[in-house]
Amino acid sequence: MIHVNDLHKYYGEAHVLRGISCDIQPSEVVCIIGPSGSGKSTFLRCLNALETASAGEIIVNGYAVHDKKSNLNLIRETAGMVFQRFNLFPHMTVLENIIMAPMSLKGLSRTQATELARTLLSKVGLADKIQAWPTSLSGGQQQRVAIARALAMSPDIMLFDEPTSALDPELVSEVLDVMKNLAGEGMTMVIVTHEMAFAREVADRVIFIDQGIIQEQGSPQAIFNAPQNPRTQRFLSNFRG
């Protein structure tokens, strides 16, 4: 589903990604962990062309991300993204936030898009909020609406950039439960997260990034129970501490 070869990203003189290569298979759930500022979010944003790679190759579901002039809309349709912040339009209801993209980009009628929105809101446990305004919702509810909005484009891949980092602790589980259900349905997912218990439970593979390099990757059992790289060991030790 995703092929990355020798990915580099510079911001001026700052070399943020330093030759990342990896492949992500259909229905695989990959959690990316690492310290703040290590390049995790930049890597994720490069996957759907929110950031332009400085060098290297990215293929997402058969589309070359570096050729984004011709493939951008296809890339954005095939790889839905959920951000740290919910980015809902406050002047639109929950329904309007969800149906806007599938109506304008996929050609759905309002009736079709509304039925899709109802189905997706039921999936994320918010069927009764279809006419609510975003400002009336809790942070966890807003993030679940954001997930429904991304799913409305029928993506083959879901990218999550620390989707619980802006939430109060008591609201985290409701978002993680939605993501667990998606994983159980076989959705291909790449998740940047600091939720180590979630990564241990849900991931098929965990990738540890530090200083713009994949330092170590493997099964959750291998990474959390017996990390081999000293940087991974220090990171997980500090996290537990």
Side-chain angles (χ1 to χ4, degrees), residues 1-12 14-25 28-60 65 75 79-87 143 146-147 150 157-167 172 175-176 179 182-183 187-220 222-224 227-240:
M1 295 294 280
I2 299 175
H3 169 73
V4 181
N5 182 49
D6 197 26
L7 174 62
H8 292 259
K9 176 63 179 177
Y10 288 87
Y11 292 110
H15 195 178
V16 178
L17 299 178
R18 300 168 176 259
I20 287 182
S21 297
C22 67
D23 290 309
I24 295 169
Q25 304 302 321
E28 188 176 19
V29 177
V30 176
C31 285
I32 301 174
I33 64 172
S36 297
S38 60
K40 306 184 302 298
S41 293
T42 299
F43 170 67
L44 202 69
R45 291 171 67 86
C46 285
L47 295 183
N48 76 337
L50 287 172
E51 297 284 354
T52 300
S54 302
E57 180 183 49
I58 307 171
I59 307 294
V60 175
V65 176
I75 292 163
M81 189 156 183
V82 177
F83 302 88
Q84 298 177 31
R85 296 291 174 178
F86 324 123
N87 296 329
Q143 192 62 293
I147 293 172
I157 302 160
M158 285 288 286
L159 309 175
F160 293 88
D161 186 9
E162 299 192 30
T164 60
S165 65
L167 300 179
V172 168
V175 174
L176 295 182
M179 296 168 65
L182 288 175
M187 175 65 76
T188 306
M189 301 165 66
V190 185
I191 306 163
V192 172
T193 184
H194 288 293
E195 303 289 343
M196 298 301 151
F198 169 80
R200 181 191 290 267
E201 177 183 353
V202 176
D204 297 302
R205 180 159 43 116
V206 175
I207 295 176
F208 175 69
I209 293 180
D210 190 21
Q211 297 183 350
I213 298 170
I214 293 179
Q215 304 286 350
E216 186 169 1
Q217 60 180 308
S219 69
I223 296 298
F224 291 112
Q228 301 300 302
N229 189 295
R231 290 182 179 176
T232 316
Q233 295 169 359
R234 287 196 299 272
F235 173 76
L236 293 175
S237 175
N238 290 336
F239 175 81
R240 286 191 292 267

**Q.** Worked check of side chain to side chain contact (heavy atoms under 4.5 Å, CB included) between His194 and Lys40
**A.** CA-CA 11 Å; His194 288 293; Lys40 306 184 302 298; 4.2 Å; yes

Q. Sub-3.5 Å donor-acceptor pair from the side chain of Lys9 to the main-chain atoms of Phe43, do we have one?
A. no

**Q.** Residues which pass side-chain contact (heavy atoms from CB on, under 4.5 Å) with Val16, listed by chain and number, not counting sequence neighbours
**A.** Tyr11, Ala14, Thr42

Q. How far does CD1 of Ile223 sit from CD of Gln228, to the nearest 0.5 angstrom?
A. 8.5 Å

Q: Measure the spacing between CG of Leu182 and CE of Met187 and express it to the nearest 0.5 Å.
A: 6.0 Å

Q: Using modelled atom types only, decide if a donor and an acceptor are shared between the side chain of His15 and the backbone of Leu17 within a distance under 3.5 Å.
A: yes

Q) Quick one: do the His3 and Asn5 side chains pair a donor with an acceptor below 3.5 Å? A) no

Q. Are Ile59 and Ile2 side-chain neighbours, meaning at least one heavy-atom pair lies under 4.5 Å?
A. no

Q | Thr164 side chain reached by Gln143 side chain, heavy atoms, under 4.5 Å | A | no

Q: Please step through side chain to side chain contact (heavy atoms under 4.5 Å, CB included) for the pair Cys22 and Ile214, ending with a clear verdict.
A: CA-CA 9 Å; Cys22 67; Ile214 293 179; 4.2 Å; yes

Q.
Looking at every heavy atom in both Ala199 and Pro220, which two are closest together, and how far apart are they?
A. O-CG, 3.9 Å

Q: With sequence neighbours left out, write down each residue that passes salt bridge (Lys or Arg N to Asp or Glu O under 4.0 Å) with Glu57, or none if nothing qualifies.
A: none

Q. Do you know which two heavy atoms are closest between Leu159 and Ala79, and how far apart they sit?
A. CD1-CB, 4.2 Å

Q | Non-hydrogen side-chain atoms of Ile207 and Ile33 separated by less than 4.5 Å | A | no

Q.
I want to check something: taking the side chain as every heavy atom from C-beta on, are Leu167 and Phe86 in contact at a cut-off of under 4.5 Å?
A. yes

**Q.** Atom CZ of Arg45 with >12 non-hydrogen neighbours under 6.0 angstrom
**A.** yes

Q) Does some side-chain heavy atom of Ile20 sit less than 4.5 Å from a side-chain heavy atom of Ile209? A) yes

(Q) Working to the nearest 0.5 angstrom, can you tell me the gap between Phe160 CZ and Leu44 CG? (A) 10.0 Å

Q) To the nearest 0.5 Å, what is the distance between CE (Met158) and CD1 (Ile191)? A) 9.5 Å

Q. Can you tell if the side chain of Met189 reaches within under 4.5 Å of the side chain of Val30, non-hydrogen atoms only?
A. no

Q: Looking only at non-hydrogen atoms, find the nearest pair between Ser38 and Pro35 and report the distance.
A: OG-O, 2.7 Å

Q. Which pairs pass salt bridge (charged side-chain N to carboxylate O under 4.0 Å, His left out) with one or both residues in residues 204-220, sequence neighbours excluded?
A. Glu28-Arg205

Q | Side-chain heavy-atom pair Thr193, Ile32 within 4.5 angstrom cut-off | A | no

**Q.** Check: Asn229 and Gln215 side chains under 4.5 Å, non-hydrogen atoms
**A.** yes

**Q.** side chain to side chain contact (heavy atoms under 4.5 Å, CB included) between Met81 and Leu50, worked out
**A.** CA-CA 10 Å; Met81 189 156 183; Leu50 287 172; 3.6 Å; yes

Q: Output the distance between atom OG (Ser41) and atom CD (Glu162), rounded to the nearest 0.5 Å.
A: 5.0 Å

**Q.** Reported CG-to-OG distance for the pair Leu7 and Ser21, which is rounded to 0.5 angstrom
**A.** 8.0 Å

Q.
Can you give me the closest heavy-atom contact between Ile75 and Val65, atom names plus distance?
A. CD1-CA, 3.6 Å

Q | Mutual orientation of the aromatic rings belonging to Phe235 and Phe208 [parallel < 30°, tilted 30-60°, perpendicular > 60°] | A | tilted

Q: Decide yes or no on side chain to side chain contact (heavy atoms under 4.5 Å, CB included) for Leu47 and Ile58, but give the supporting numbers first.
A: CA-CA 7 Å; Leu47 295 183; Ile58 307 171; 3.9 Å; yes

